[in-house]
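Comments concern the structure below.
Worth saying up front: this structure is predicted, and the values here are computed from it rather than measured. We count ligands from 1, going down the list as the structure has it; atoms in each ligand are counted the same way. When reading the values below, keep in mind they use all heavy atoms of this one structure, side chains included, and skip hydrogens, waters and symmetry mates.
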Amino acid sequence: MDQVAADRVTAPAPDHAEWSDERLESAVATADLPALLTTLAQILDDDAFIDPALRPDSVIPPAGALHQGGLDEERQRRARELCLDGLRRFRDSGFTTGPEPAPARLTRLLDFIAHEADESYLPLLAHELDIPHDSGAPGWELKALDPERDFRVAVIGAGLSGLVAAHRLRQAGVDVVVFDKNPDIGGTWYENTYPGCRLDTHNYAYSYSFAQKPDWPCYFSSRESIQAYLVKFAEDAGLAPHLRLSTHVVALDFQEPDANWRVRYRAGDGAEAVEVFDAVVSAVGQLNQPLIPRFEGQELFRGETWHTARWRHDVDLTGLRVGVVGTGASGFQVVPAIAEQVEHLTVFQRNPPWTLPTPRYTDEIEEELIWLFRQVPYYARWYRFFQFWTSVEGRRRFAEVDPGWTKEGSVSEQNEVLRVALTDHLTAQFADRPDLLDHVIPAYPPGAKRLLRDNGSWARALKRDDVALVTDRIREFTANGIRTEDGTLHELDAVIYSTGFRASEFLSAMRVTGTGKRDLQDFWDGDARAYLGITVPHFPNLFLVYGPNTNHVVNGSTVLFTELAVEYIVEVVESLVRDGDAALDCREDAYLSYNDAVDAENERMVWGAAKVSSWYKNSRGRVSQCWPFPLLDYWNATREVDPEAYRRIPRPGPYTSA
Ligand code: NAP
């Protein structure tokens, strides 16, 4: 299983027939140079390629990507010459690749490509780069630790988080059952099938670090590609026998004094059953319970209505007058995708989105680049790494609040720089439509809501004669459409809600009862929190992945956070097995002080400080979704289990509630 994952990160053996000089020249002309220089330095074991004069600049510009690491033309020319020479040497030496770099050498390579990173960052970066391979795998095995002990874990959710949780636990010899309400794996990528659905994070940064895919078709792939990646991962990892699909978990009950969990579930045939597990991992996601706002008269509307996450493929939009409510990430993708097909499209917008110029958003990756990914060992890994490095912490500075900043529409000088750059981008696109321009520039600071990827298709759609952007608030639905506050009735045959999700209602789809019969929702009282986003006091051995305050706006990677949370959970299991305990229960003081720190830092970030609606905040106005600190802080917090943060529940013996 582990080996299968390893194969996915190594490019196929180079094929000599493919390595003509002409081929090399065209590949180098297309290559991402910082990644190729580092790759060649590694595989040829030659520091000439990581010449400090060719070091990329990792400080990203406010809008747009960092082209060729910020190297000027002359340095790009030199880099290309070096790369061409290096590829020829690699070919002429019979494609000999040395062993994976030892730590000191890896440090030199990282120092070239990510030189702003200080030493404390290097372990995180090596993990992300997957050198050495699969460093996140558990360093223990259940039967070696305690040959007498069985340990069963229920994983709820077979999406990106649940699959990696199941895989890691199995690597440690722990028995897992993965429940998912859907008939297939994939989670959000299974459920969201709306037209235009694709990634809006760079594709090469959106795969497990230890199961990288060297041949994505696009820079930002379609949902079908991500779904196929997850299906292949589950196959390679041998997860099929552990999956219980079309099975809805309805309740979790912590049993005292046995200190285990009774998991009640409903199978596809409607029958309910209960099974007992030593621990539960909830990997149910944050964005899977569609939010459909209530509007006056909604039930009167005679046309079809649906949510983007429940796309009605049985309805042919051709010839219909369609309304789309909401202009967040989902609406922004669906509007351009259906504008041509429908007879008329009315887009109901409350707040416009800020958009990041991304010209290659829907482009396929060039053949030459794919050739490099396939033929040159490690190139895809360094390429992925550079995408990750330049798109995480680098953007955090744009989102920090300066308490002395008074200008409306931004929260600091850096945030203002970003606001101006993004405003210029919108102004250029809508210069010929001043009537629209006024409505597409947000009044709130950039970063207060999710920044969307824009290749111009949004402006092209809104500027069509058969598309109307409506910014008056919705007053009511009628039998024939939607009436806005200005009194206009917009006649419609169908209404599509791209109105987001009930993101802050963590685990609300099941009833969870912990120690002393505490109900999880009562304990949270509408304000879900967790220690490290993972554990909650009085709910021992219940672990959350992508839990409260683990989402990212600009400063992180959900895939990496998921991996780190899972590695931590596996370590908690190790620690309790090693100590002969039944369970660990997070201490309330650790939980409270951790969350106080998170809250204080979120107030210093634009998404916490800005007074604008967003799914990052819960109904109390607290930011319950987002992680505010640098990525490194989460890495450090999840490397070791702090015994002081937990109360041990021994086994066997009666359980005593603190
Ligand atoms: P969202 O960002 O929460 O957007 C919801 C939209 O509906 C907003 O425009 C909101 O307006 C509007 N809305 C909500 N209630 C309304 C009401 N009562 N009346 C009028 N308008 C209303 O939801 P989403 O677009 O589904 O995106 C959610 C998250 O999912 C994203 O931020 C992202 O993390 C993820 N996502 C990712 C991708 C991707 O990777 N490609 C694609 C889609 C979604 P206001 O702005 O005024 O609140």
- prompt: Side chains of T318 and Q341: do they bring a donor and an acceptor to under 3.5 Å?
  reply: yes
task: Can you sort out which atoms of ligand 1 are near P293, meaning under 4.0 Å from one of its heavy atoms?
output: 15 (N), 16 (C), 17 (C), 18 (N)
statement: shortest atom 31 (C) of ligand 1-to-protein heavy-atom contact is with R450 CD, 3.5 Å
task: Can you sort out which atoms of ligand 1 are near Q333, meaning under 4.0 Å from one of its heavy atoms?
output: 41 (N), 42 (C)
statement: Restricting to heavy atoms, the pick from Y444, F348, W615 nearest atom 2 (O) of ligand 1 would be W615
query: How far is atom 19 (N) of ligand 1 from its nearest protein heavy atom, and which residue and atom name does that atom have?
result: F295 CZ, 3.5 Å
- prompt: What protein heavy atom sits nearest atom 24 (P) of ligand 1, and how far off is it?
  reply: S330 OG, 3.4 Å
task: Identify, by atom number and element, the atoms of ligand 1 in contact range of F501, meaning under 4.0 Å from any of its heavy atoms.
output: 26 (O)
message: Below 4.0 Å from ligand 1: does a non-hydrogen atom of Q349 turn up there or not?
response: no
Contact atoms of ligand 1, heavy-atom distance to R198 under 4.0 Å: 39 (C), 40 (O), 41 (N)
query: Taking the six-membered ring for Trp, are Y229 and W216 parallel (under 30°), tilted (30 to 60°) or perpendicular (over 60°)?
result: tilted
- request: Please work out which of the three classes, parallel, tilted or perpendicular, describes the rings of F385 and W382, given edges at 30° and 60°.
  value: perpendicular
- prompt: So does R312 pair up with E304, basic N to acidic O under 4.0 Å?
  reply: yes
message: Only heavy atoms of S613, strictly under 4.0 Å: list the atoms of ligand 1 that pass.
response: 45 (P), 47 (O), 48 (O)
task: Please find out if less than 6.0 Å separates the ring center of F179 from that of H248.
output: no
- request: Could you tell me whether F233 and H167 have their ring centroids closer than 6.0 angstrom?
  value: yes
message: For atom 46 (O) of ligand 1, what is the closest protein heavy atom, and at what distance to 0.1 Å?
response: K449 NZ, 2.6 Å
- line: atom 36 (N) of ligand 1 sits nearest the protein heavy atom A329 CB, 3.8 Å
task: Step by step, work out the side chain to side chain contact (heavy atoms under 4.5 Å, CB included) result for D466 and E343.
output: CA-CA 7 Å; D466 49 7; E343 162 141 342; over 6 Å; no
task: Report yes or no: does a heavy atom of F332 sit under 4.0 Å from some atom of ligand 1?
output: no
message: Checking N192 against R223: is there a side-chain donor and acceptor pair closer than 3.5 Å?
response: no
- line: If you scan protein heavy atoms around atom 35 (C) of ligand 1, the nearest is L287 CD1, 3.7 Å
- request: Could you verify whether a donor N or O on one side chain and an acceptor N or O on the other, from N551 and Y546, lie under 3.5 Å apart?
  value: yes
- prompt: Any idea which protein heavy atom is nearest atom 10 (C) of ligand 1, and the distance to it?
  reply: R350 NH2, 4.3 Å
- request: From atom 23 (O) of ligand 1, work out which of S614, G500, A448 has a heavy atom at the shortest distance.
  value: G500
query: Is a salt bridge present between R604 and E400, judged by a nitrogen-to-oxygen distance below 4.0 Å?
result: no
task: Looking only at distances, please establish whether an N/O atom of ligand 1 is found under 3.5 Å from an N/O atom of T327.
output: yes
query: Under 4.0 Å from any heavy atom of Y194, which atoms of ligand 1 are there?
result: 42 (C), 43 (C)
query: Is the gap between the ring centers of H425 and F430 under 6.0 Å?
result: no
field: Close-contact set for ligand 1 against G326 heavy atoms, below 4.0 Å
entry: 6 (C), 7 (O), 9 (O), 12 (C)
message: Tell me whether F220 reaches ligand 1 (any heavy atom closer than 4.0 angstrom to a ligand atom).
response: no
task: Kindly state whether the ring of Y194 and the ring of H313 have centres lying under 6.0 angstrom apart.
output: no
- request: Give the contacting part of S498 toward ligand 1: side chain, backbone, both or neither, where contact means a heavy-atom distance below 4.0 Å.
  value: backbone
query: Any idea how F210 and Y208 line up, ring-wise: parallel (<30°), tilted (30 to 60°), or perpendicular (>60°)?
result: parallel
task: Write out the residue and atom name of the closest protein heavy atom to atom 38 (C) of ligand 1, then the distance separating them to 0.1 Å.
output: D200 OD2, 4.0 Å
message: Which of the numbered atoms in ligand 1 are under 4.0 angstrom from any heavy atom belonging to N351?
response: 45 (P), 46 (O), 47 (O)
message: Would T201 count as being in polar contact with ligand 1, using the rule that some N or O on each side must be under 3.5 angstrom apart?
response: no
- prompt: Between Y634 and F561, does the ring centroid distance fall short of 6.0 Å?
  reply: yes
